[in-house]
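So the structure is just underneath, and the comments pick up after that.
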Amino acid sequence: MLIFLQELFSSLLGIIHAAWGYVLFSFGGKNFHVETVVLILVALWALFYTSRKFAKIISSGILTRCEVEPGTRYSLASLFRYIYLAIGLLIVMQTMGLNLSSISTILGFLSVGIGFGLQNLTNNLVSGIIIMIERPIKIGDRVEVGNLTGNVKKIALRSTTIVTNDNIAIIVPNSELIINKVINWSHVGQAVWFNVPIAVSHENDPQQIVDILLRIAQEHQGVCKEPIPSVSFNKFSDNTLEFTLNIATETYLNRPSALKSQLNFAIYEALRQNNVKIPIKKHEIYLKTLGDEKI
């Protein structure tokens, strides 16, 4: 029985050894055995795993100690990770004995055949690199692209993720952010300015209106104390005096309509308590009696 088990074990080892050395395919003048393919897969897994760790060390370690802001840390860490992957892939191919000149020739032919199909992808990748270097937008910025408004959640090489006020993640190709006009509300700081228009009757004292609006802005917790709110006396119209309350906020970036609504409620109540008259548009109708007309 022991001899039978030894022979069976030896047979299994022989089968495994033969399978391990089985040639799957040839490429670039080199035979790829099962052993080689397994080693390549393990090396690639280790490369991608270590690249994530490397990016984390760059972002959470080195750049954090340098007091770099979060958006910049993420962009730089992503860029270093892609460079790390590119160098690692070259090392893996050279270690496995691949002929890089043959690979470059094949890639050259492939690039001609599928170049048109990869134009958009290449455009997005180049745009992603430009965004990471020039940093027109960064993570956490409040941006507006066409009809889309939201906060930048993630910036990758191919696309950027923008989260809307409805908590919906929109994946935007990076080329769209380079070609189209992008409004970055947070580019020069986290505070964003909003304007609240107000119109009152000619019978009111303009200085009283200014004092009421400034008091309401200063009492609201969502309005920044610096930069300080201001009121503009815009113009005289036929029936109204028109003002604009200019305020900045950092806490209502995702809910600007909520802030304006709260301010409008507070302004209306303050105007009512101070007997400020709101203009009502009047229409005058003239009636003319026509006599008999000769035809």
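The model shown is predicted, which means the values in this text are computed figures rather than measured ones.
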Rounded to the nearest 0.5 Å, what separates atom [atom1] in [X] from atom [atom2] in [Y]?
{"X": "Tyr268", "Y": "Gln273", "atom1": "OH", "atom2": "CD", "value": "11.0 Å"}
{"X": "Phe265", "Y": "Lys260", "atom1": "CZ", "atom2": "NZ", "value": "15.5 Å"}
{"X": "Tyr82", "Y": "Ile87", "atom1": "OH", "atom2": "CD1", "value": "15.5 Å"}
{"X": "Lys56", "Y": "Ser51", "atom1": "NZ", "atom2": "OG", "value": "13.0 Å"}
{"X": "Ser159", "Y": "Leu177", "atom1": "OG", "atom2": "CG", "value": "9.5 Å"}
{"X": "Leu241", "Y": "Asn234", "atom1": "CG", "atom2": "CG", "value": "10.5 Å"}

query = Applying salt bridge (charged side-chain N to carboxylate O under 4.0 Å, His left out), which residue pairs with at least one partner in residues 208-217 are found, sequence neighbours left out?
reply =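 Sorted result for residues 208-217: Arg215-Glu219.
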Kindly indicate whether the side chain of [X], heavy atoms from C-beta on, has any atom under 4.5 Å from the side chain of [Y].
{"X": "Leu47", "Y": "Leu85", "result": "yes"}
{"X": "Leu271", "Y": "Ile209", "result": "yes"}
{"X": "Ser232", "Y": "Asn246", "result": "yes"}
{"X": "Phe194", "Y": "Leu245", "result": "no"}
{"X": "Ile131", "Y": "Ile155", "result": "yes"}
{"X": "Pro206", "Y": "Phe243", "result": "yes"}
{"X": "Cys224", "Y": "Ile247", "result": "no"}
{"X": "Ile130", "Y": "Ile178", "result": "yes"}

message = Applying salt bridge (Lys or Arg N to Asp or Glu O under 4.0 Å), can you list everything that pairs with Glu144, at least two apart in sequence or on another chain?
response =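 Applying salt bridge (Lys or Arg N to Asp or Glu O under 4.0 Å) to Glu144 gives none.
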Could you tell me which non-hydrogen atom of [X] sits nearest to which non-hydrogen atom of [Y], and how far apart they are?
{"X": "Gln218", "Y": "Lys225", "value": "O-CE, 3.2 Å"}
{"X": "Ile216", "Y": "Ile267", "value": "CD1-CA, 3.4 Å"}
{"X": "Pro229", "Y": "Val223", "value": "CG-CG1, 3.8 Å"}

query = Donor-acceptor pair, Ser261 side chain versus Ala258 backbone, under 3.5 Å?
reply =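 No; judged by distance alone, with no hydrogens or angles, the pair does not exist.
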query = Quick check: does any side chain N or O of Asn184 sit under 3.5 Å from a backbone N or O of Pro136, one acting as donor and the other as acceptor?
reply =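 Side chain of Asn184 to backbone of Pro136, a donor-acceptor pair under 3.5 Å: yes, one is there.
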request  = Test His220 against Leu259 for side chain to side chain contact (heavy atoms under 4.5 Å, CB included), laying out the working first.
outcome  = CA-CA 9 Å; His220 197 288; Leu259 176 59; 3.5 Å; yes
task = Give a yes-or-no answer on whether the side chains of Thr50 and Tyr84 include a donor-acceptor pair shorter than 3.5 Å.
result =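 Yes, because at least one side-chain N or O of Thr50 sits under 3.5 Å from a partner of the opposite role on Tyr84.
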query = How would you list, by chain and number, every residue that makes a side chain to side chain contact (heavy atoms under 4.5 Å, CB included) with Leu44, sequence neighbours excluded?
reply =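 Applying side chain to side chain contact (heavy atoms under 4.5 Å, CB included) to Leu44 gives Ile40, Leu89.
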ask   = Should Leu148 and Thr164 be marked as a side chain to side chain contact (heavy atoms under 4.5 Å, CB included) after you check the CA-CA gap, both sets of side-chain angles, and the distance that decides it?
value = CA-CA 8 Å; Leu148 173 63; Thr164 65; 3.6 Å; yes
Within one Ile-Leu-Val-Met-Phe-Trp-Tyr cluster: [X] and [Y], side-chain cutoff 4.5 Å:
{"X": "Tyr49", "Y": "Ile91", "value": "no"}
{"X": "Ile168", "Y": "Val152", "value": "yes"}
{"X": "Ile212", "Y": "Phe233", "value": "yes"}

inquiry  = Does anything in residues 194-206 form a side chain to side chain donor-acceptor pair (under 3.5 Å)? List the pairs, not counting sequence neighbours.
reply    =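 For residues 194-206: Glu203-Lys277.
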inquiry  = Using side chain to side chain contact (heavy atoms under 4.5 Å, CB included), reason through Ile198 and Leu213 one step at a time and then give a plain yes or no.
reply    = CA-CA 9 Å; Ile198 305 295; Leu213 296 178; 4.0 Å; yes
ask   = For Gln208, which residues count as a side chain to side chain donor-acceptor pair (under 3.5 Å) partner, sequence neighbours excluded?
value =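 Listed in chain order: nothing, the list is empty.
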Which atom pairs, donor and acceptor, lie under 3.5 Å between side-chain atoms of residues 169-176 and protein residues at least two apart or in another chain?
from, atom 1, to, atom 2, distance (Å)
Asn174, OD1, Thr160, N, 3.4
Asn174, OD1, Thr160, OG1, 2.7
Asn174, ND2, Ala156, O, 2.9
Asn174, ND2, Leu157, O, 2.7
Asn174, ND2, Arg158, O, 3.4
Ser175, OG, Asn124, OD1, 2.7
Glu176, OE1, Asn180, ND2, 2.7

